[in-house]
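Residues take their numbers from the sequence shown, with the count starting at 1.
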Amino acid sequence: MKSEDGRELRSFNFKDEDQTQEMRAVERRILLETLANQLPTNAISFSSKLKNIEITDNNETVLKLEDDSHISAKIVIACDGIRSPVAKWMGFSEPRYVGYCAIRGLGSYPNGKQFDPKVTYIYGRGVRAAYVPVSPTKVYWFVCFNSPSPGPKITDPSILREEAVKLVKNWPKELLNVIESTPDDTIIRTPLVDRWLWPGLSPPPSKGNVVLVGDAWHPMTPNLGQGACCALEDAVVLARKVAQSLKFGNLTVEDAFRSYADERWQRIFPLTARANLAGGLLQMDNSAVCSFRNNILVPKLIRLGPMLEHTNFDFEPLNFDSV
């Protein structure tokens with residue numbers, strides 16, 4: 001962890017601090033390809049945006065797509081992201097903008113570049129950044145900055161790169177080098193949002209044989225690095241619940257969905273709140289607060305184990321051979 005002038009505030013080592021913890025950085029494309037390769041050939045249809053959902057008299061769900069095609073399904077698992085039309089159909093509100101945006105990219109070094117296997121965080125006033133190698137030739141990075149509104153959608157990579165460099169122009173050179181080494185097609189700008197699932201106020205994440213997973217149900221800010229992780233956890237828990245209902249027959253699919261929601265809410269709601277509060281603290285631009293963070297909180301108070309305790313998720317291996 002560093003300040004914007006390059007001063008090291010704190011350095012953590014899993015071996016010395018907490019050997020039960022670890023951190024792995026995975027390129028999103030690799031993760032998606034790995035998951036997709038486990039599916040049957042032609043199981044994925046691309047460019048198939050959802051237009052409408054209907055429930056038939058025999059309790060089947062019909063998905064109507066924008067290309068006028070239809071898909072009839074006995075079960076629909078909607079993991080269609082932050083702006084999920086399925087979540088909207090269920091009555092969920094739009095995710096709430098939290099007051100800051102992120103520019104992100106993937107630095108590329110085709111001939112390889114020696115980066116230590118660690119995450120480097122850099123904190124400024126109302127701006128923060130980080131970078132971490134995800135392979136021998138690629139380095140993921142982000143720059144978070146305060147903004148009173150999400151602003152216009154910008155997709156021109158040259159503008160985004162210029163904006164990122166301007167935000168951190170006097171920061172450590174290694175960060176600037178990673179940004180400059182980023183191919184245009186990997187740079188994006190995202191307004192950060194979340195949705196708090198208040199008990200008794202938020203709709204349930206299932207309706208009939210339709211259920212929400214991941215960001216479609218519980219978008220959270222990336223301040224704890226748990227968004228995609230929680231989506232994978234959702235999938236594990238949901239798979240186990242549905243498999244049990246099919247195997248034993250004592251629960252309906254709707255019952256399995258409700259059990260999934262009850263179990264996951266207990267983890268999702270605190271993580272969403274914690275991520276929001278952490279981001280609010282890290283994005284503060286008050287000089288006194290930043291001085292406290294850099295000189296007391298980070299170097300003297302933070303401990304690696306408690307800081308990463310939220311990443312712990314234990315489960316038994318899934319076994320569907322007998323289902």
Side-chain angles (χ1 to χ4, degrees), residues 1-4 9-10 12 17-18 21 23 81-82 87 92-104 119-130 132 142-151 167 189-202 205 212 214-234 261 263-313:
M1 295 181 176
K2 298 181 178 181
S3 61
E4 60 189 284
L9 306 176
R10 185 74 178 276
F12 294 103
E17 295 264 352
D18 190 341
Q21 295 287 357
M23 184 174 293
I82 289 175
F92 281 89
S93 61
E94 285 291 316
R96 182 185 63 91
Y97 175 61
V98 297
Y100 48 94
C101 299
I103 301 175
R104 296 179 258 207
V119 185
T120 300
Y121 291 99
I122 309 172
Y123 299 119
R125 292 178 56 182
V127 182
R128 58 192 160 108
V132 56
F142 71 78
V143 176
C144 271
F145 60 97
N146 292 345
S147 177
S149 70
L167 286 164
R189 180 183 187 274
T190 311
L192 300 182
V193 301
D194 66 11
R195 181 195 290 131
W196 291 36
L197 302 174
W198 295 105
L201 299 178
S202 298
L212 299 174
D215 282 348
W217 178 26
H218 48 71
M220 65 179 70
T221 54
N223 301 300
L224 301 181
Q226 290 298 291
C229 298
C230 283
L232 294 173
E233 294 175 13
D234 285 353
E263 180 174 332
R264 291 301 294 156
W265 180 87
Q266 299 175 51
R267 176 159 169 80
I268 293 304
F269 183 77
L271 276 178
T272 303
R274 183 175 173 181
N276 181 286
L277 296 174
L281 175 63
L282 294 173
Q283 289 298 137
M284 283 189 176
D285 57 6
N286 179 278
S287 58
V289 173
C290 291
S291 177
F292 171 78
R293 176 196 65 202
N294 291 355
N295 296 298
I296 298 177
L297 179 63
V298 172
K300 299 180 180 180
L301 300 181
I302 289 181
R303 293 294 178 267
L304 189 61
M307 186 175 73
L308 295 178
E309 186 178 10
H310 64 272
T311 65
N312 296 334
F313 176 72

Could you walk me through whether Val132 and Phe142 pass side-chain contact (heavy atoms from CB on, under 4.5 Å), step by step?
-> CA-CA 10 Å; Val132 56; Phe142 71 78; over 6 Å; no
Between Thr311 and Cys229, does a side-chain contact (heavy atoms from CB on, under 4.5 Å) hold up when you go through it step by step?
-> CA-CA 8 Å; Thr311 65; Cys229 298; over 6 Å; no
So with a 6.0 Å cut-off around OH of Tyr121, is the heavy-atom count from everything else above 12?
-> no
More than 12 heavy atoms from other groups under 6.0 Å of CD on Glu17 = yes
When rounded to the nearest 0.5 Å, the distance separating CZ of Arg293 from CG of Leu9 is 8.0 Å
Got a second to check how far Ile302's CD1 is from Met1's CE, nearest 0.5 Å?
-> 5.0 Å
Between Ala216 and Arg195, the two heavy atoms sitting closest are O-NH1, 3.2 Å
For Trp217 against Trp265, the heavy-atom pair lying closest together | CH2-N, 4.1 Å
Please identify each residue that fulfils side-chain contact (heavy atoms from CB on, under 4.5 Å) with Asn276, with sequence neighbours left out.
-> Arg96, Val98, Asp194, Trp196
First locate atom OG1 of Thr272, then atom CZ of Arg267, and finally report the distance between them rounded to the nearest 0.5 Å.
-> 10.5 Å
Minimum heavy-atom distance between Ala231 and Gly214, given as atom pair plus value | CB-CA, 3.8 Å
Evaluate the criterion salt bridge (Lys or Arg N to Asp or Glu O under 4.0 Å) for residue pair Glu233 and Arg264; output intermediate values, then yes/no.
-> CA-CA 9 Å; Glu233 294 175 13; Arg264 291 301 294 156; 3.1 Å; yes
Taken in chain and number order and not counting sequence neighbours, the residues that satisfy side-chain contact (heavy atoms from CB on, under 4.5 Å) with Pro299 are none
Closest non-hydrogen contact found for Leu224 with His310 is O-NE2, 3.3 Å
Quick one: are Phe92 and Leu212 in side-chain contact, heavy atoms under 4.5 Å?
-> yes
May I ask you to decide if Gly81's main-chain N or O and Asp215's side chain share a donor-acceptor pair within less than 3.5 Å?
-> no
Contact summary for Ile122 and Ser3, nearest pair of heavy atoms = CG2-O, 3.5 Å
To the nearest 0.5 Å, atom CG of Asn223 lies from atom OH of Tyr100 at 3.5 Å
Where is the tightest heavy-atom contact between Leu308 and Gln21, given as atom of each residue plus distance?
-> O-NE2, 3.3 Å
Measure the OG1-CZ distance between Thr190 and Arg104 for me, rounded to the nearest 0.5 Å.
-> 4.0 Å
Quick one: do Asp18 and Phe12 satisfy side-chain contact (heavy atoms from CB on, under 4.5 Å)? Show the steps, please.
-> CA-CA 9 Å; Asp18 190 341; Phe12 294 103; over 6 Å; no
Quick one: does Ser291's side chain have a donor or acceptor within less than 3.5 Å of a partner on Ser287's backbone?
-> no
Report yes or no: does Arg128 contribute a side-chain atom to a donor-acceptor pair with the main-chain N or O of Tyr123 at less than 3.5 Å?
-> no
When rounded to the nearest 0.5 angstrom, what distance separates CG in Leu192 from OG in Ser147?
-> 10.5 Å
